[in-house]
There are 2 protein chains.
Amino acid sequence: MPEKSEPPGTASASVVASASVAKKGARQRRVTITDVGTAAGVSTSTVSRVLNGTARVDPELARRVQDAVAELGYRPNAAAQGLARGEAGAIGVLVPDLSNPYFLDVLKSVSAVARSNGRRVMAMESDEDATSEHELAEDLMRCCDGVLLCSPRMNRAELVDLSMRGHPVVLVNRIVPGLSLPSVSVDFYGGMTLVCGHLTQLGHRCVAYLSGPEASWANAERIRAFDAAAAFGVDVDVTVIPCGHTARHGYAAADAVRDSGVTAVVAYNDLVALGAVTALEDSGLRVPEEMSVIGCDDISLDDLPSSRRLTTASLARDELGRQAAQTLEALMAANGDTEPKLIPMELRVRHTSAPPAVPAH
Amino acid sequence: MPEKSEPPGTASASVVASASVAKKGARQRRVTITDVGTAAGVSTSTVSRVLNGTARVDPELARRVQDAVAELGYRPNAAAQGLARGEAGAIGVLVPDLSNPYFLDVLKSVSAVARSNGRRVMAMESDEDATSEHELAEDLMRCCDGVLLCSPRMNRAELVDLSMRGHPVVLVNRIVPGLSLPSVSVDFYGGMTLVCGHLTQLGHRCVAYLSGPEASWANAERIRAFDAAAAFGVDVDVTVIPCGHTARHGYAAADAVRDSGVTAVVAYNDLVALGAVTALEDSGLRVPEEMSVIGCDDISLDDLPSSRRLTTASLARDELGRQAAQTLEALMAANGDTEPKLIPMELRVRHTSAPPAVPAH
DNA sequence: CTGTTAGCGCATTCAA
DNA sequence: TTGAATGCGCTAACAG
């Protein structure tokens, strides 16, 4: 046991004084639980007890401990707690793109749930890159009690790999048959079905779909919906145009849309749709009179002018985040609720969809 | 030394097999560095060395270690590393509101800088609440090597308190004279000066300002700019209308704007401005013909239609985040660069500002 | 170049 | 109720 160590501040020193001195001096030794114990004249276990409420402690001792804590400005070291307790007190969230307001809302509600459970949240962004995604996910697993994988682009094998670590992971917006990972996803298939219905009812027969990232499950689901429409005998012809996931991508794809001779275009998401609208209008085409444009995600914030303009498939993003976080929480509590959850979408008809200029006869 | 412990997988067992067994069985013991050492027939220090590249190791031993790592699926425990190394490998970012795209962009660029320095980022949101903000900041300091406080609402005393912890903290969008914390901020004062100039040149004399959160330094800076304009003899009368920071707030404040008899309104930020535009147009007023509306932050994403509509004061948000992160990094490396950095704003004249309907004679 | 020995700061047994 | 002892998993002196 070290005898020579002198606590960085005696019980009689004021917090301010000791701290300000420390600030300027050489990198001071952090105040530890031992310092508190010494100052309060109790053992470290007692300090730990009063701080965590783990067991009953004599009120008098408790007071002395709290005083010492205040006096010394003691803050438990998170790493040490994590090591001793065997849990990090944090959950990780991995998203493909932090710039997308969509994920922000998810992050926000996840964050709220996590906090209410006394957990911090660690956010990472994969930049739509499947390779880095796997690494980042591994890294998150190393420092978090559980991980939320949002719209993961990684392949099935990598997902299987992660699922076998025996570490709580839940998938958001991705359903992989046969995988033992719980998942919470938006019903994009249902959403696009609504969009199809809307367009055909307006009289559109030739529609383009601005396709998102190749590896996106959400993208595949949307396409699956179009295919199904055709299979069900719906009289609509869908041209898939490779595009991307940002407004810039949508902007760049506008020419291809014009050239394809369609009367309406469905975009991978609202960002793409807004980019397309801009480009289309720039080129002199009127939306929706000459070209209907439909988005997905209903990304705009409440009361925004743009939010009222774009016809889109909408969902409760906060609900998505909340359910995802709760599912993860349940998983960490060892309750394996592996049923995939689906969040429904609604069609939001606004100002960018209308009957085609030249209706099909 | 424990003799009876049996590693969760022998060196000859495949990763898949051992992992899948573990998944279903009782909560398995995590693979530790000791297991790896045993499997590879070396000491834990050697394992540590090859994993961290801390020192030269015999190639043969290194290979055995790497094989064992792969075989056992070993991942270092982040908490243990943090404790042993004395650093968490993460930085914390505290923002008032995660829903605001403004902070998203900051978070994104901060995140990029952090990652390139091998650090994770922990994000927290204070919900514009000064009280929780202080607590959250403390919590972040416990588990991160450094903290970025974005647009902090807490009072000076609390800031002083944090600054005395001898823990790296940098302020973003807040400058507190006499405080020994580095800061990186947007030059809102300069930005609003540009806006004032633009409006007076257009001929506006009566202008309203939709004021943001009371505790917001950015808000105070904007108001300071208006005051200064008056002081400099600029012929403009500014009415300050208490409002808020969201689109909804802006929407709700539109009536007050109309009643105030002004010909132009400057909003706390773009969200508020967009809300105001929506409400104004809903009430039959034409923007900008009958009312000019100017925002701040240039929040919209590239190529978005709305981004081309709103006249606003713009800045390079990624630059803000990058500089903030770099300043923090420098601070953590013990380089005290306490000079407050200022990011300039530019006026972005778009479609929501025009001369007043009834020009001043 | 490698193994042995100590802690890092805290929670938690186990006795008292 | 309390304190002493032990270990969480890893890194870093220190010897060899």
Side-chain angles (χ1 to χ4, degrees), chain A residues 1-5 7-8 27-65 68-69 72-89 141-143 145, chain B residues 1-5 7-8 27-65 68-69 72-89 141-143 145:
Chain A
M1 187 196 302
E3 291 283 16
K4 59 174 172 38
S5 72
R27 203 160 274 314
Q28 84 279 16
R29 200 171 64 74
R30 289 271 302 167
V31 179
T32 75
I33 197 174
T34 306
D35 299 326
V36 176
T38 306
V42 300
S43 71
T44 61
S45 356
T46 298
V47 176
S48 176
R49 287 181 189 115
V50 330
L51 257 39
N52 299 309
T54 312
R56 293 205 64 76
V57 173
D58 183 75
E60 163 59 13
L61 291 191
R63 205 189 49 69
R64 285 197 345 235
V65 167
V69 166
L72 270 45
Y74 168 71
R75 319 285 159 189
N77 176 311
Q81 284 186 316
L83 186 56
R85 289 189 176 136
E87 64 172 29
M141 294 176 75
R142 295 202 310 119
C143 67
D145 301 321
Chain B
M1 188 195 300
E3 290 285 14
K4 59 173 169 37
S5 72
R27 202 160 275 312
Q28 83 280 16
R29 198 171 65 74
R30 289 270 301 166
V31 178
T32 75
I33 198 173
T34 306
D35 299 326
V36 176
T38 306
V42 300
S43 73
T44 61
S45 1
T46 298
V47 176
S48 177
R49 286 182 190 115
V50 330
L51 258 38
N52 299 310
T54 312
R56 294 204 62 76
V57 173
D58 182 76
E60 164 58 14
L61 291 191
R63 205 189 49 68
R64 277 180 14 216
V65 167
V69 166
L72 270 46
Y74 167 71
R75 320 285 158 187
N77 177 311
Q81 285 185 316
L83 187 56
R85 293 211 251 251
E87 64 172 30
M141 294 176 75
R142 295 202 310 118
C143 66
D145 301 322

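Values in this document were obtained by computation on a predicted structure and should not be read as measured data. We name chains A, B, ... by the order of the sequence lines, and we start the count at 1 in each one.
Note on Gln81(A): every side-chain N or O is 4.0 Å or more away from OP1 and OP2 of dG9(C).
With dC10(D), dT2(D), dA11(C) as the candidates, the nucleotide lying closest to the side chain of Arg49(A) is dT2(D). Taking only side-chain atoms of Thr44(B), from C-beta outward, the nucleotide of dT11(D), dC10(C), dA5(D) with the closest atom is dT11(D). Comparing dT2(D), dC10(C), dC10(D) by their closest approach to the side chain of Thr46(A) singles out dT2(D). Of the listed nucleotides (dA5(D), dA11(C), dG9(D)), dA5(D) has the atom at the smallest distance from the side chain of Ser45(A). When distances are taken from the side chain of Asp58(A) to each of dT2(C), dG9(D), dT1(D), the shortest belongs to dT1(D). Between dG3(D), dC10(D), dT2(D), one nucleotide has an atom nearer to the side chain of Ser43(A) than all others, and that is dG3(D). Picking from dT2(C), dG9(D), dG9(C) the nucleotide with the shortest atom distance to the side chain of Asn77(A) gives dG9(C). Considering only the side chain of Arg56(B), dC1(C) comes nearest among dC8(D), dT11(D), dC1(C).
The minimum heavy-atom distance linking Thr32(B) with Tyr74(B) is given by the pair C-CE1, 3.5 Å. Considering every non-hydrogen atom in both Arg30(B) and Asp35(B), the closest pair reads O-OD2, 3.9 Å.
The line from CZ of Arg85(B) to CG of Asn52(B) is 5.0 Å long, rounded to the nearest 0.5 Å. Rounded to the nearest 0.5 Å, atoms CD (Gln81(B)) and OG (Ser48(B)) are 8.0 Å apart.
Atom CG in Leu51(B) sits about 13 Å away from atom C1' in dG9(D), given to the nearest Å. Counting to the nearest Å, the P atom of dG9(D) and the CG atom of Asn52(B) are 17 Å from each other. Between Leu72(B) atom CG and dG9(D) atom C1' there is a gap of 15 Å when expressed in whole angstrom units. Distance CD1 (Ile33(A)) to C1' (dG7(C)): 16 Å, rounded to an integer number of Å. Distance CD (Glu60(A)) to P (dT2(D)): 10 Å, rounded to an integer number of Å. Rounded to whole Å, the distance from CG on Leu61(B) to C1' on dC1(C) is 9 Å. Tyr74(B) has its OH atom 7 Å from the C1' atom of dG9(D), to the nearest Å. The CZ atom of Arg75(A) sits 17 Å away from the C1' atom of dC10(C) (whole-angstrom rounding).
Both Pro59(B) and Leu83(B) sit near DNA chain C, but only Pro59(B) has its closest nucleotide nearer the 5' end.
Within 4.0 Å of Val47(A), counting heavy atoms only, lies no atom of the nucleic acid at all. Heavy atoms of Thr32(A) sit under 4.0 angstrom from primed sugar atoms or phosphate atoms, though from no base atom.
Taking the side-chain contact (heavy atoms from CB on, under 4.5 Å) definition, one finds that Asp58(B) meets it with Glu60(B), Leu61(B), sequence neighbours left out.
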